[in-house]
Amino acid sequence: MSEVRIFGVRHHGPGCARSLDDALKAFAPDCVLIEGPPEADEILALAKDPNMQPPVALFIYETQNPKNASFYPFAVFSPEWVALQYAVQHDQHVAFMDLPQAFQKTWEKAPSSPVDADVSIELLHHDPLGTLAKAAGFEDGEKWWDELVESRATRGGDVFEAIGEAMAVLRAHEPEKQDGLEIAREAYMRLTIDKAQKRFQKIAVVCGAWHTPALLDRSKEQISKDTAIIKSLNGVKVSAAWAPWSYPKLASSSGYAAGIVSPQWYEAIWTYQEKVAPYWLSKAASLLREEGLEASSASVIEAVRLGDMLAGLRGRSTPVLEELEEAALTVLTHGQDAPLALIRKKLSIGEKLGQVPAEVPTTPVQADFTVQCKALKLNVEMTSIELDLRKDLDLNRSHFFHQLRLIGVPWGVLQRSKSKGTFKEIWFLYWQPEFVIGLVQASLMGPTIAQSASEMVRQKVQDAQSVKDLTFLLEDVLQAHLDLGRWLLEQIQDASAAMHDVFDLMQALVPLANLARYGSVRSRDEGSDTFSDKAMAQHLSVSLAYRICAGFRPAVQSLDDDMAQQVRGYMLQTHQAIDQLQDQDLMETWLQCLQHISNDFSIHGRLTGSATRLLFDRGIETQESVEQKLYQALSQAIIGPMSAAWIEGFLEGGASVFIHGQTILPMLDRWLTHLDPLHFMDVLPVLRRTFSNFEAAERRMIGEKLQKGTSLKASSLTRRGLDEMRALRVVPMIQLLLGQTR
Amino acid sequence: MSDLRLAAEMQFSEELEVLAKLDSRSRPFQWKLSPWAVVQYLMGGRLENGFEVKPKYIGDRRLMEVAVATLATDRALLLLGVPGTAKSWVSEHLSAAICGNSRQVVQGTAGTSEEAIRYGWNYALLLSKGPSFEAVVPSPIMRAMQTGTIARVEELTRIPSDTQDGLITVLSEKSLPIPEINQEVPAARGFNVIATANNRDKGVNDLSSALKRRFNTVVLPPPATIEEEIRIVESRVKDLRKSFEIPSEHTGADQIKRVVQIFRELRSGTTLDGRAKIKQPSGSMSTAEAISVMAQSLSLAAHFGDGPLQAKDIMSSLTGAVIKDPVQDLVVWKEYLNTVVKDRSEWKDLYRAARDVV
């Protein structure tokens, strides 16, 4: 009869992993069974590949519906990983023994019983050792393990046997409340062990501590009962893959149910064991120095001493995270928590990203992703990249990022460049392990990234509510270099004919006009397709713009403040867009429309002011007419919110008119100085708010200009009693200096 | 004994003796107690033999552990905190428990001179005999160095910067040179320094980074919860009642909760339920002030009132504690009374009493 030993473990517990490692070496099993999805058995051997570097996750998804996916993450300090490594390194048989995900997936689909009210029960099942630790007054399961196992130098006594006993007691006191899934899972585990017993001599079973007692009874009756349970199940087709994982995803703060608080710390315990304190504090010091804070080696030594002393004071063999954090706080950051908060995330959660070998089985889109990354010389560790769109490689990279964004993998985030039509793009890159899900999901839409992105756009076009949405998609299509431009333009044309919402059209105009003007920047093959796209965009924009001119004035009657502010934005954008289109007739029609607006004081002041400003900048409104409107707008009759809005609208265009133009400033100055005091007090807050929006430098220049303006007035000189005779004396010298001597 | 206030090691001599007798753990050189026992003395609790140790510090035990561990590793300790967070109190009890002497104190003021930190001269001797060791007048720190005990520096940041830096030699070289007589006083083992400083007005004389590096810093926070703060106020008020011999039988326990709540609300700028924002007064509204408000109103009630503590006794001393700036704080206080106190039906008596005072 073969020997079976059951090792109940804590998921992701380094102390437990260490004990398990020792126990496995002593036991030397020829078969290792691990709690995990059997569908992944075929790809388990890949764990031997040196390119497989934890944290990694097994990724089981429903083949027809990859959205329905489960992850089994492993870190280097996970007991399951240690067991797996033991088996592959010693060339022993290894297999997963949990209920196949094929069955578990259907479970998840079934209407789940109303949310388990008793969270503590769930937690108990999930991390019984952690729960025991809490009951014993420890905040962290690892500390408890350290206390019970590591700190007692007595190597004798079987830890895992003790765990089994503890669990048996725990489960004996638990009310019959097991749900069907759990029963099925344990049934399957027993069956797997039973089968393995027929082939192997020494079998090591590694499972969550909670299950240990349930796996002991493998009598004939139990086995036949289990077989019946499993036979009754229906499954779906699932696929398995390895995916790189990361410490932030492993941390409980990411929402991962079996997450641990500080993966990086656990790795440090696993790697450095009792020497963890010096390592940890030097790391903290170097991170502090990276942040530009002072942290000398001498302080690290003091911090290590304090950490050791604290651990001793609390009756512990080695300091744990809390003691080290307290030591760092006391010695390295002088009691200030803020600097420590800066580095805490890097220090205890960590940023480590795992790696899987290139040959792991993947979906077509994943494969396409790998191929493209190679071709485009990109890798997931990059943090930012600057692209020059005139270069082919960079242009393709930009297309690639945009395509990924469309399929729901926002790996790159484009930094908005300040000027339009630039050739430079800066992308911030941040790879997150769950992007793998996005890639797998995209496989359903098409075999490559580009194709699935196109399909995504088609779907969005169908769902689009307005012309604006369509034109935004147009921008996406062009940026991602998808072959949909012409088709989409046709869609826009159809949609805009039926559309009556002027504001929607105004928003739609901007990307269209951009395309008409700048379409060529991003495309590789000038002249061919894009050229006609451009012409079409031009045509489409002009017709849109005419519709806007026709409908704008009726649309802006009786707007409230917020809306007026928004519409003002649309108006400025439209103005710019029409300017870009360089169509003389169109421009004149638009300016006429603006003139109507600026003359109509029943419209919100923000808009009339702003329209007046646009006309003034164009030279259509003269100084006199603007001055007249200014007086009208600010006259006592309508003083109040409306005149405030007018002046805001007028001045929001920027301070440059004051600084470079000769007319507006004296005009405003004159108006302001002629106000009666009561009126002046009313206007002052509005002006102050408007001027405070200008840059400090602009305000200073305005101030200087005003100062100069007054001091040069001849009247102010004469008033001081100028002594002409004395002044005349310097005239010859000035003439000499100016080279005007006769 | 007619001393107004006994030193910690005298007042709690019994506790220290019992602890020393029970304490079997290893003690750092020259320490009267093991680090564990020192923490026990500070945090209080029942000992194995049933002896009850009174808690000296009510708050996070871990902070005290860090402080004691710091001293056990021969590092100087700097206790930082806003006013009224028991810095000096902790410092006094730490030195009492560790070396049985809490009276080697340098009180930091703007006028503290180098002599207070290093040494001075007995000028009569100096003139008659010339420079000699006999003519040196040791500072509390120098005495602590000679005896291997703990010296305390209160309000470190109030000391002028150049005087502060006199501590650097002491802390890093562990000896005090006296160049005039070409001698030095080495620190005996067991010597250490506990300094306290206020981090609210740290602009006074901020520590140089060289000095800062030589201290381990423990920040003492204001009490975390209202229950904790009530406990602190209760226990201190009880002590004060005893030493001031306030006769009233009435402890005012129910009033303490209200006073502490008022202090916490004004300190944090929000009501306890977090619903309303409140303007904050210019004072620090520390726990220490809450204690003195309670003590003062108790004695008012006992000597001038009807015996039991009443709202009007509290209000007259509370108003003085809140209003530090006669213009701004008065506004803050009136606003608080009218928007918060008035709306609490069970606080009607306080509101009425306040109307008479303000």
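Chain letters run A, B, ... following the sequence lines, proteins first, then strands; residues in each count from 1.
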Which atoms of A:Thr333 approach chain B - backbone, side chain, both or neither, heavy atom under 4.5 Å: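 Neither; nothing under 4.5 Å.
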Return the [atom1] to [atom2] distance between [X] and [Y], rounded to the nearest 0.5 Å.
X: B:Asn216; Y: A:Glu326; atom1: CG; atom2: CD; result: 12.0 Å
X: A:Gln336; Y: B:Leu80; atom1: CD; atom2: CG; result: 7.0 Å
X: B:Thr73; Y: A:Leu310; atom1: OG1; atom2: CG; result: 8.5 Å
X: A:His334; Y: B:Leu78; atom1: NE2; atom2: CG; result: 10.0 Å
X: A:Glu302; Y: B:Arg213; atom1: CD; atom2: CZ; result: 12.0 Å

Note, B:Arg75 side chain near A:Val331 side chain (heavy atom, < 4.5 Å):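 In contact.
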B:Lys174 NZ: over 12 foreign heavy atoms closer than 6.0 Å: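 Above 12, so yes.
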B:Lys32 atom NZ, over 12 foreign heavy atoms within 6.0 Å: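 Atom NZ in B:Lys32 is not crowded, with 12 or fewer foreign heavy atoms closer than 6.0 Å.
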For [X] versus [Y], what's the shortest heavy-atom pair and its separation?
X: A:Leu306; Y: B:Val66; answer: CD1-O, 3.9 Å
X: A:Glu322; Y: B:Arg62; answer: OE1-NH2, 3.4 Å
X: A:Gly335; Y: B:Thr217; answer: N-CB, 3.7 Å
X: B:Glu65; Y: A:Leu313; answer: O-CD2, 3.6 Å

